[in-house]
Structure formats: structure tokens, C-alpha cells
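The next block holds one structure in the form of C-alpha cells; read it before the comments.
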Amino acid sequence: MRDGEFRDPQLVPVYDAECPWGPDDDFFLSLVTGPPVTDPASAGTPPARVLDLGCGTGRLTVALAAAGHPVTGVDPAGPALAAARRRPGADRVSWVEGTSASLPRAAFDVAVLTSHVAQVFVTDDEWARTLADLARALGPGGRLAFDSRDPAARAWERWNPVDSRRVVRLPDGREVRAWTVVTAVRAGVVDFTHHYAFPGGEARRSSARLRFRGEAELRASVEAAGFAVERVYGGWARQPVGAGDGELVVVARRLSAPG
């Protein structure tokens, strides 16, 4: 199954168990919420209207809502959204099964795409349309933040049956053996398959395709959509590109209304 971690009800809990809260979540949460308020005069600042595009099972989405922001989580995968709606605090979030094409105009102050969702848009046209939709959905001065793996780090070379082999423990105590195999690499696009072996011998597979764009390509695409790039970090501690976690973490601001 394509993107089975989000579309196969049996694999969604495996994804959740394998991907707990991490430094990337800390980064995006702090980016939206900002530093602690020390000036009482600024305590009345209204919360940001946040869009979490490609929210998956809602790990960060619910945390953003718990911090006091009105949050909308959008994802095309129904089983992942079903898991998100079961999270404690999920009732504070507006959940939408869909894509960026259905986003309302100027409805948000901040948009985030986390867990490398930006890489899912493989073709240049898909990525350009998504950025245009986000520009339309953000109000004047709205901020956009997303992560994408730095192709210079060549992460896919570690997606092999030896280096990627792992055991995922589910909440009910079951252990799932998992490994990943790359099936094709060409022109910045990587195809791969996750393999899962459940207790009792049941097996599942999930295939995916991701686009690896370099810093210059990301900057150009974001600027072409009407954003000004404020920062590009190389990791979750805001390191320079090439000196961090093998990431390209882009923070940009919408310049003007798209035509």
C-alpha cells in the first residue's frame, strides 16, 4: 500500500509508536508559540491561527491547540485523521480530510508542514501548487515553516535492510520488526518500501516516494510563491545548513496577496 503508515489502520499505530515526540516537534511548537511571556503588557496578544498541513496522526497538532492556538489539521489520509481525533485534547482542533486545494483564503497566521511532508510533493508542479495554496491561505505577513531532508546528507543510503532494521513496541506490548529498502533513486526522487513483520507471521508493506530538494531549490520555489525566506536551518537546534541534523528547516513570511 502507498503511504500505508497513514492509510492502513493496522500500520497507523506502528507509525505512532515509532515516531514519538521529538526535537522537531519542540522546534515547531516553539516557533509558533514564541518565547515565554515576560512582559505583562504583551500577555494580551491574540493567539495565532495555525494550519498544520499534512498533520498525520496529530501529535504536534494537538500540542499546538493545547498551547492556546486555534488549530486546523488537514490531511488526505482518513485512518491517520481517525487516530488524531482519538488523541486527548483533539476536540480543540478542527480536523479536515483533504489537501491544500480546499484551504480558505487568508484564514491563517502560521502554516507548518512537519515530518518532511514537503517532500511528498514530488513534481515541481505539485510543490508550486501547494505553495500557492499556502500563500492564499495565509494572511498578510503570515509565516510558513517546513522541514525537508538535505540531499547532501544522503539519508536514503541508510534506508537498507541492515541499517534500518528496528523493533517497534506497540502500546499493547506486541513487537513489530521493521526495515526499509530503497527501490529507486533518480533525479532527486527516492522510492522505497517499509516492511513490517507482526507477531504470528503477518506481514505488511508500505511504499513511498519522496523528493529531495537542495537549499537553493527550496529558496527559489518559496520565493516564487510570494514568500520571503527568513531563515534556513540545518537542524532542530537552529544550526547552520550542513552542520546540523541533515535537515533543511525553512522559515518564511508571506509578502503580499497572490494574484
Side-chain angles (χ1 to χ4, degrees), residues 1-34 36 46-104 107-120 130 134 137-138 143-148 166-176 178 194 196 198-199 204 206 208 236 247 249:
M1 177 183 290
R2 175 74 69 173
D3 300 319
E5 293 84 5
F6 308 101
R7 299 184 180 278
D8 183 341
Q10 187 163 350
L11 290 181
V12 169
V14 180
Y15 170 83
D16 263 347
E18 190 172 10
C19 301
W21 188 273
D24 53 334
D25 300 298
D26 288 329
F27 175 90
F28 286 110
L29 182 61
S30 67
L31 183 77
V32 174
T33 60
R49 300 168 298 167
V50 182
L51 165 67
D52 186 356
L53 181 62
C55 63
T57 59
R59 181 181 66 243
L60 176 64
T61 327
V62 168
L64 289 165
H69 301 282
V71 182
T72 300
V74 179
D75 201 284
L81 278 182
R85 290 187 175 102
R86 291 193 294 269
R87 286 185 180 272
D91 56 328
R92 300 178 180 177
V93 178
S94 296
W95 303 102
V96 177
E97 184 172 343
T99 68
S100 63
S102 59
L103 296 175
F108 304 101
D109 304 303
V110 183
V112 297
L113 294 80
T114 70
S115 299
H116 308 113
V117 166
Q119 293 185 252
V120 171
T130 301
L134 288 165
L138 284 165
R143 301 184 80 191
L144 168 67
F146 64 88
D147 55 0
S148 186
R166 60 232 186 242
V167 175
V168 182
R169 182 181 292 274
L170 301 181
D172 61 9
R174 290 181 300 154
E175 292 186 342
V176 179
H194 295 306
Y196 300 93
F198 286 80
R204 285 282 198 279
S206 171
W236 307 118
E247 299 286 343
V249 187

* Compare every heavy atom of Arg92 with every heavy atom of Ala65, then report the nearest pair and how far apart it is. => CB-CB, 3.9 Å

* Is there side-chain contact between Leu134 and Leu51, with heavy atoms separated by less than 4.5 Å? -> yes

* Under the 3.5 angstrom rule, does the side chain of Arg85 hit a backbone N or O of Ala90 as a donor-acceptor pair? -> no

* To do: Compare all side-chain heavy atoms of Arg166 with those of Glu18 and state whether any distance is below 4.5 angstrom.
  => yes

* Asked: Taking it one step at a time, do Tyr196 and Gln10 satisfy side chain to side chain contact (heavy atoms under 4.5 Å, CB included)?
  -> CA-CA 10 Å; Tyr196 300 93; Gln10 187 163 350; over 6 Å; no

* Asked: Do Thr57 and Arg87 have side chains that get closer than 4.5 Å, going by heavy atoms?
  -> yes

* Which heavy-atom pair separates Gln119 from Ser148 by the least distance, and what is that distance? -> CG-OG, 3.3 Å

* Asked: Got Ser206 and Leu11 here, is their nearest side-chain heavy-atom distance under 4.5 Å?
  -> yes

* Asked: Under the 3.5 angstrom rule, does the side chain of Asp25 hit a backbone N or O of Leu60 as a donor-acceptor pair?
  -> no

* Mind checking whether Leu53 and Thr130 have side chains closer than 4.5 Å, heavy atoms only? -> yes

* Structure fact -> Scanning both residues in full, the closest heavy-atom pair of Asp24 with Ser115 reads OD2-OG, 4.4 Å

* To do: Begin from the C-alpha positions of Arg143 and Leu31 and carry the test side chain to side chain contact (heavy atoms under 4.5 Å, CB included) through to its verdict.
  => CA-CA 10 Å; Arg143 301 184 80 191; Leu31 183 77; 3.9 Å; yes

* Side-chain contact test, heavy atoms from C-beta onward, threshold under 4.5 Å: evaluate it for Val117 versus Cys55 and give yes or no. => no

* Asked: Val168 and Ala17: which non-hydrogen atoms are nearest, and at how many Å?
  -> CG1-CB, 3.7 Å

* **Closest non-hydrogen atom pair, Ala67 against Leu29** => CB-CD1, 4.5 Å

* **side-chain contact (heavy atoms from CB on, under 4.5 Å) partner of Val32, chosen from Asp109, Leu64, Val71** => Leu64

* **Heavy-atom pair with the smallest gap, counting every atom of Gly73 and Val93** => N-CG1, 3.9 Å

* **Phe198 CZ to Arg204 CZ distance, which is reported to the nearest 0.5 Å** => 6.5 Å

* Asked: Given side chains that start at C-beta, do those of Thr114 and Arg59 come closer than 4.5 Å, heavy atoms only?
  -> no

* Are the side chains of Asp147 and Phe28 in touch, meaning some heavy atoms are under 4.5 Å apart? -> yes

* Between Leu113 and Leu144, does a side chain to side chain contact (heavy atoms under 4.5 Å, CB included) hold up when you go through it step by step? -> CA-CA 8 Å; Leu113 294 80; Leu144 168 67; 3.7 Å; yes

* Between Thr99 and Val74, does a side chain to side chain contact (heavy atoms under 4.5 Å, CB included) hold up when you go through it step by step? -> CA-CA 7 Å; Thr99 68; Val74 179; 5.8 Å; no

* **Between Trp21 and Asp26, a side-chain donor and acceptor under 3.5 Å** => yes

* **Between CG on residue Asp3 and NE2 on residue His194, distance to nearest 0.5 Å** => 9.0 Å

* Asked: When you measure from the side chain of His69 to the backbone N and O of Pro47, does any donor-acceptor pair fall under 3.5 Å?
  -> no

* To do: Using a strict 4.0 Å threshold on nitrogen-to-oxygen distance, state whether Arg86 and Asp16 make a salt bridge.
  => no

